[in-house]
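Here is the structure we will look at.
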Amino acid sequence: MNNTQTLEASKKTQGSTQRLSGSEAVVKCLLAEGVDVIYGYPGGAIMPVYDELFKYQKEIHHVLTRHEQGATHAAQGYARISGKVGVAIATSGPGATNLITGIADAQIDSTPMVCITGQVGAHLLGSDAFQETDIVGISTPVTKWNHQITKASEIPEVLAKAFYIARSGRPGPVLIDITKNAQFEELDFEYTPCTGIRSYTPVPKLEVTAVEQAAAMINEAKKPLIVWGQGVILGKAEKELKEVIERAGIPSAWTILGASAIPTSHPLNVGMVGMHGNYAPNILTNECDLLIAIGMRFDDRVTGNLETYAKQAAVIHFEIDPAEVDKNVKTDLAVIGDAKESLSKLLPLLAKKTYPKWLNRFKELYQIEFEKVIDKDLNPTKEGLTMGEVMKELNKVTKGNAAIVSDVGQHQMIACRYAEFNQSKSNITSGGLGTMGFALPAAIGAKMATPEREVVAVIGDGGYQMTIQELGTIFQTKVPVKIIVLNNDFLGMVRQWQQLFFDKRYASTELVNPDFVNIAKGYYIEANRVSERKDLSEAVKTMLDHDGPYFLEVCVEKEDNVFPMIPSGASVSDIRLS
């Protein structure tokens, strides 16, 4: 019996179950979980699954990326903007190891993702067979859960667990490695979605007394400050956060991944905290009497020197993951639970208040930052273009309704600082891992997940070249993502550090770049280059008006720096404006 006859025979039903091959069972599991798009790259050890995907092209759209890392970032972009689980698939050996950067990125940024890898036959495990790599061992430190399947009968239960674990509680990436024999073997297929796992409690039970204590502390505070993170977005608690902020009248700042949870124009939104965040919220972190952290993990880029961080303040930490509490910053009160539930319970207990003098401090410090930094970024008088004015032009056309997908570096900080957002899930970037090359494939996934939204990738010339091959994915899929490369011919963020802290020794940071416009045109993508201010506005408008993908290179000042800046290891109070 040939392979085709074997696969057809495997579909014969027996009672209430179907007799299927393991590879078709994988596809059926994906369908049962509502997966309609996956990103991947085929190879020998995963070929049986690809053979089945070929038969289900109408149900599941497989996107052939040009590199497995691109597949994971595309799945991340899809997940981040949609709230669904992103799916990436690859073969064994180098195919599997090429997923690791994206998996690690998803782990630290709490992105729900399921990665499926092929593996050599079970009888070859441990023999150093061709393209055999212990991907389970390699991925263990950077996954929420992983598992190797060696028998077809395991497939339905393991994949059901994979999706449940990836999306539940604090989300994260899961990797499932499937040996080739398990893909060929037959099983009596029946799928039951996973709704719980013994000893795994994704959402801790909320203690009402903790919420009551938090309300009392907030009501008594004289100078409270809220700092929220991505946990608000992951917990779908944007509405509750806005109501809490407005009722309590508390100035509120955000981490990079928390951006867009409430509109940037909100009067109580006082800006971004962290190394390149806004002057006021960083300075006043060390003047508030109550710091209320919601769905954030006190990353070192937010806190600076922990020995001097908010020592004068009482700290309340609203958090779903108990492991994050007291990990970096000692809290006076922890409210463990789902952000939406916690804030909903908190709201009616809050006194309706305003803090005019306290809020005015933020306005005073903002004015200082505006005069020394912001105005120069957005309304420059020098000849060369700034990254800030590019974001200003982008805001004019999108009116704050676009999703901005940024890479890592100076342009990322500028995009996060100056992009205007009217709706949640509009700022998609690599936060904790800081992965250069993230933006281009992530923008593909984001646009495919939300075709009705304008998606703009803002990328530096360095990070762009790490995944530039994904232009091929854009060409093949025709996904109409817009791409802006801010080209300063440097690895800009590293160069800034070299200028400030290494006496301008620009060691291996100046780039000799190719002709980006002609490369884009080589992939049949419309493209343009701008180097003069008089052409910028029209170029941005043309890009966004174009029906299809578009590439715009903007040549900006080579040695511009991003300020404010908290030097590494310094206190948030030591933030520099120049």
Side-chain angles (χ1 to χ4, degrees), residues 206 210-274 277-278 280-285 287-298 302 310 313-320 331 333-335 337-363 365-366 400 416 419-427:
L206 180 65
V211 178
E212 292 171 345
Q213 289 175 314
M217 292 172 69
I218 293 170
N219 290 337
E220 292 171 6
K222 305 299 182 186
K223 295 191 292 183
L225 172 63
I226 287 174
V227 178
W228 84 81
Q230 190 187 202
V232 170
I233 297 171
L234 295 173
K236 300 179 175 62
E238 297 95 336
K239 175 176 174 289
E240 290 74 15
L241 173 68
K242 184 170 178 286
E243 289 174 345
V244 164
I245 289 171
E246 291 175 346
R247 182 175 180 84
I250 301 175
S252 301
W254 38 273
T255 69
I256 286 175
L257 295 185
S260 81
I262 66 171
T264 48
S265 60
H266 194 285
L268 291 172
N269 184 337
V270 295
M272 181 171 79
V273 294
N278 293 103
N282 275 305
I283 289 286
L284 296 180
T285 293
E287 293 185 23
C288 68
D289 63 356
L290 179 65
L291 181 61
I292 307 153
I294 305 174
M296 55 87 78
R297 59 189 180 83
F298 290 112
V302 167
V315 178
I316 302 174
H317 195 173
F318 287 82
E319 176 59 50
I320 195 170
T331 58
L333 175 66
V335 182
D338 173 74
K340 190 178 186 73
E341 182 185 7
S342 299
L343 296 180
S344 295
K345 291 284 196 300
L346 177 70
L347 183 64
L349 304 177
L350 295 175
K352 191 167 180 60
K353 299 178 75 173
T354 58
Y355 302 88
K357 289 184 179 180
W358 177 229
L359 190 58
N360 195 53
R361 280 283 288 139
F362 287 88
K363 294 176 181 177
L365 293 177
Y366 171 81
C416 290
E420 295 175 0
F421 299 122
N422 294 329
Q423 60 181 302
S424 186
K425 297 177 183 174
S426 293
N427 183 55

(request) Taking T331 for its side chain and V315 for its backbone only, find out whether a donor-acceptor pair lies under 3.5 Å. (result) no
(message) Working to the nearest 0.5 angstrom, can you tell me the gap between Q213 CD and M217 CE?
(response) 8.5 Å
(request) Taking atom NZ of K353 as the centre, report whether more than 12 heavy atoms of other residues, nucleotides or ligands fall under 6.0 Å from it. (result) yes
(message) For the backbone of G258 and the side chain of W228, can you confirm whether one donor and one acceptor N or O come within less than 3.5 Å of each other?
(response) yes
(message) Strictly distance-based, threshold 3.5 Å: is any side-chain N or O of D338 a donor or acceptor partner for the main-chain N or O of L206?
(response) no
(request) Check whether any side-chain heavy atom of V273 sits under 4.5 Å from a side-chain heavy atom of T255, and report yes or no. (result) yes
(message) Just verifying a value: how many Å separate I233 CD1 and S260 OG, rounded to the nearest 0.5 Å?
(response) 4.5 Å
(message) Please check this pair: side chain of D289 against backbone of K223, looking for a donor-acceptor N/O pair closer than 3.5 Å.
(response) yes
(request) May I ask you to test the I262-L241 pair for a side-chain heavy-atom distance under 4.5 Å? (result) yes
(request) Quick one: list whatever passes salt bridge (Lys or Arg N to Asp or Glu O under 4.0 Å) with E240, sequence neighbours left out. (result) K340
(request) Answer yes or no: is there a donor N or O on one side and an acceptor on the other, between the side chain of N219 and the main chain of L350, under 3.5 Å? (result) no
(request) Compare all side-chain heavy atoms of W358 with those of L284 and state whether any distance is below 4.5 angstrom. (result) yes
(message) With a 4.5 Å cut-off on side-chain heavy atoms, are F318 and V244 touching?
(response) no
(request) Would you give the length of the straight line joining atom CG of L290 to atom CG of L225, rounded to the nearest 0.5 angstrom? (result) 9.0 Å
(request) May I ask you to test the W254-N427 pair for a side-chain heavy-atom distance under 4.5 Å? (result) no
(request) Using modelled atom types only, decide if a donor and an acceptor are shared between the side chain of H317 and the backbone of M296 within a distance under 3.5 Å. (result) yes
(request) For the pair E238 and K242, find out whether any cationic side-chain nitrogen is under 4.0 Å from an anionic carboxylate oxygen. (result) no
(request) Keeping the roles fixed (side chain from T354, backbone from G249), state whether a donor-acceptor pair exists under 3.5 Å. (result) no
(request) Answer yes or no: is there a side-chain heavy-atom contact under 4.5 Å between I250 and I245? (result) no
(message) Would the distance check show the side chain of N282 and the main-chain N or O of N278 forming a donor-acceptor pair, the cut-off being under 3.5 Å?
(response) yes
(message) Using side-chain heavy atoms (C-beta onward) and a distance below 4.5 Å, is L268 in contact with L359?
(response) yes
(message) Quick check: do P224 and I218 have side-chain heavy atoms less than 4.5 Å from each other?
(response) no
